[in-house]
Amino acid sequence: MSDQIKFIVDNLNKEPFRKNYNLITFDSLEPMQLLQVLNDVLAEIDPKQVVDIREEMPEQTAKRMLSLLGILKYKPPGNATDMSTFRQGLVTGSKPVIYPVLHWLLQRTSELKKRAYLARFLIKLEVPSEFLQDETVADTNKQYEELMEAFKTLHKECEQLKTSGFSTAEIRRDISAMEEEKDQLIKRVERLKKRVETVQNHQRMLKIARQLRVEKEREEFLAQQKQEQKNQLFHAVQRLQRVQNQLKIMRHAAADAKPESLMKRLEEEIKFNSYMVTEKFPKELENKKKELHFLQKVVSEPAMGHSDLLELQSKINEINTQINQLIEKKMMRNEPIEGKLSLYRQQASIISRKKEAKAEELQETKEKLASLEREVSVKTNQTRELDGTEILKGDEFKRYVSKLRSKSTVFKKKHQIIAELKAEFGLLQRTEELLKQRHENIQHQLQNTEEKRGISGYSYTQEELERVSALKSEVDEMKGRTLDDMSGMVKKLNSLVSEKKSALAPIIKELRQLRQKCQELTQECEEKKSQYDSCAAGLESNRSKLEQEVRGLREECLQEESRYHYTNCMIKSLEVQLCRATEEMRAYVSADQQGKRKAVREQYTKNIAEQENLGKKLREKQKAVRESHGPNMKQVKMWRDFEQLMECKKQCFLKQQSQTAIGQVTQEGGEDRLVL
């Protein structure tokens, strides 16, 4: 208990609580203060719980805390009777009840914050079945469930993004870079548009370019489809070869084996499988069930402290001592019949252990054999994919060597023929060059004659027409070949499909029987499900009625509480206004002049008089400005004219000085002077 209190005090002194408690002050807290501390911790987990307990009824506080603890999946220690004491202790602020709750909350605050946040959106609102018969209510309920599922997926994605290591700064940098690239591309497109608009028929050219792009994409898509079909065909051929090899191996094994050996092998397999099904697997299943039951029991129990672990350890030690005492008593008796039986039991247990060990070894060897067979098949597939051939063994390899020898002799003969053909090719190439020269000379002469006759280009157009007709014939031949190839491929695929159908026929028969069993089981399942649904619907309707009653009472309680707070606020505001009015009347009625000066009425009358005097002064000033506006404007105009006149004189004076500085005769004091 002391460790628990110490842990609570340490956590309450940290952020965000900052309570500054020690063990003595915390232990000396009153029940209301302790409940307020618990409420502060719950408010840190769920901000909706920020409430002053002194302004709340104790029953309402207990209900609110119990509902939140239920959402957070807190399980108080003990059974149903302890639950009533737990509720009573929560209402009264009992330390043995509140200390474990605080310890549990402070241990997993971050986890509980997340759970409280999710509970706001994931606690399903149960609607009674009689209301769901209405279409609008059913649609809104369905939409509500869809939104809940969407929130679950979005929350999972958000958590994955948080744990994936992506920082918001990097994402913002990427977004800004992408926006810059987008702006650059937009500017480039605009520049290209301006450049294209000057070209004639640019709309038609753009349309043709768009069609070309679409056709290229379609060509790529068709090429991709063709490649996929080739890959599928290649995989189908590989699968067929694999099945044929397996069939050869099975036939070879069946030819070499005798019926007695096959029967022995089958009997051994049946014995092994029956042992695994009847003895080993049920034991393992029972052990797993026991472990699961034990783990469920451990999970259902509340969190254990150090003191609880010490108590359990002491109980285990006591039980071990009792077991040892019973064994010693049994050994002291030393009955001979039990001694003989113990020998047989030991032998039986040794044999069963050996049997289990051998069965496990056999299972491991079977698994190893299966894994090795898988590796061999993978390696053979890899070699086929790399070379397109299979690995040869024994007689097949000898045949392959003899084929290579015969092919080497054929290769030598072909090589000699190729040498002769190369020599002949050289002669033909020389003759081709000579013929090309003669053809060019003849073409030149033909062009000259065409120009003389006035039909230039006739031979070129004739050659082009012949070339186009030849290309058309080649394309028609290619189309015919592709159609033949496709028809042959279709025939092959049909034959393969028919073979697969014949191979799958017995499996389909077994599948029908299994389907019948499945239908029977589904009927039973539906019957049980209907029973369960009817029972669940009755319980749900009762629960929904109770929830509606509780909800109605809560709403009434909230309304009354809000009305109470509203009336309190109104009373306080009216009291303040009444106090101000009484003070004003007292100041106005009193004979003291200083008190009258402090009154609000006197201050307002004084301010009004000051503002009226200020308004009179401003009106007089406005009148004076209006009267002097005309003469002042005339004076301003005269000053502007005077300024223009002086500026004109200045310009004339400067111009005269510039003229006299060149070399003119001037008169000064009755004398003529020449200024250079």
Side-chain angles (χ1 to χ4, degrees), residues 168-169 172-200 202-203 569-570 572-676:
T168 54
R172 283 173 184 167
R173 261 186 262 119
D174 293 338
I175 289 166
S176 61
M178 288 167 76
E179 285 177 352
E180 289 176 0
E181 288 177 2
K182 183 184 175 183
D183 295 335
Q184 290 175 3
L185 287 169
I186 288 165
K187 289 177 183 176
R188 198 179 296 170
V189 168
E190 287 176 355
R191 264 188 261 120
L192 289 170
K193 277 184 180 178
K194 288 177 183 177
R195 213 181 283 170
V196 168
E197 283 173 359
T198 57
V199 180
Q200 292 180 354
H202 66 278
Q203 292 290 339
C569 292
M570 290 296 291
K572 285 177 183 177
S573 63
L574 289 170
E575 284 176 355
V576 169
Q577 290 177 5
L578 186 62
C579 289
R580 286 175 66 186
T582 51
E583 286 175 0
E584 185 68 23
M585 286 294 294
R586 200 180 295 132
Y588 184 70
V589 172
S590 66
D592 189 8
Q593 293 296 326
Q594 251 180 351
K596 279 190 178 182
R597 282 175 195 167
K598 288 181 182 178
V600 178
R601 184 174 178 180
E602 292 294 329
Q603 289 176 5
Y604 277 131
T605 52
K606 188 179 177 183
N607 290 331
I608 288 163
E610 288 176 358
Q611 292 297 322
E612 284 177 354
N613 293 326
L614 185 65
K616 285 178 183 178
K617 289 177 183 178
L618 289 171
R619 279 195 292 274
E620 290 172 358
K621 194 174 181 181
Q622 185 183 11
K623 189 178 178 183
V625 168
R626 280 179 183 172
E627 288 173 356
S628 63
H629 181 260
N632 288 336
M633 290 300 290
K634 286 179 184 179
Q635 194 173 1
V636 167
K637 190 178 179 184
M638 290 167 70
W639 273 107
R640 282 178 185 165
D641 294 339
F642 179 71
E643 188 179 359
Q644 287 179 1
L645 183 63
M646 295 302 291
E647 186 68 28
C648 185
K649 284 185 176 183
K650 180 184 174 184
Q651 294 293 331
C652 292
F653 178 73
L654 290 170
K655 196 182 284 184
Q656 188 178 3
Q657 276 189 350
S658 64
Q659 287 175 359
T660 55
I662 294 168
Q664 292 182 356
V665 178
T666 58
Q667 289 184 358
E668 289 182 2
E671 295 180 355
D672 295 335
R673 287 188 181 182
L674 179 65
V675 181
L676 297 173

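For clarity, every value in this text was computed on a predicted model and none was experimentally measured. In what follows, every heavy atom counts, from backbone to side chain, and hydrogens, waters and symmetry copies are set aside.
Not counting sequence neighbours, the partners of Phe642 by the side-chain contact (heavy atoms from CB on, under 4.5 Å) test are Trp639, Met646. Evaluation of the side-chain contact (heavy atoms from CB on, under 4.5 Å) rule for Ile175 yields Ile171, Glu179 as partners, not counting sequence neighbours. In this structure, Asp174 has no side-chain contact (heavy atoms from CB on, under 4.5 Å) partners at least two apart in sequence or on a different chain.
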Under the criterion side-chain contact (heavy atoms from CB on, under 4.5 Å), I'd like the reasoning laid out for His629 against Asn632: C-alpha separation, chi angles, the key distance, then a yes or no. CA-CA 5 Å; His629 181 260; Asn632 288 336; 5.9 Å; no

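Within a 6.0 Å sphere centred on CD of Glu643, heavy atoms belonging to other residues, nucleotides or ligands number 12 at most.
Shown are Glu612, Lys606, Gln611; of these, the side-chain contact (heavy atoms from CB on, under 4.5 Å) with Ile608 is made only by Glu612. Each of Lys623, Lys617, Lys616 was evaluated against Arg619; a single residue qualifies, Lys616, per the side-chain contact (heavy atoms from CB on, under 4.5 Å) test.
The CG atom of Asn613 sits 8.0 Å away from the CD atom of Glu610 when rounded to the nearest 0.5 Å. Residue Arg188 holds its CZ atom at 12.0 Å from CD1 of Ile186, rounded to the nearest 0.5 Å. Distance check: Arg580 CZ to Thr582 OG1 gives 11.0 Å after rounding to the nearest 0.5 Å. Rounded to the nearest 0.5 angstrom, Glu575 CD and Cys579 SG are separated by 7.0 Å. Residue Gln577 holds its CD atom at 5.5 Å from OG of Ser573, rounded to the nearest 0.5 Å. With rounding to the nearest 0.5 Å, the separation of OG in Ser176 from CD in Glu181 is 10.0 Å.
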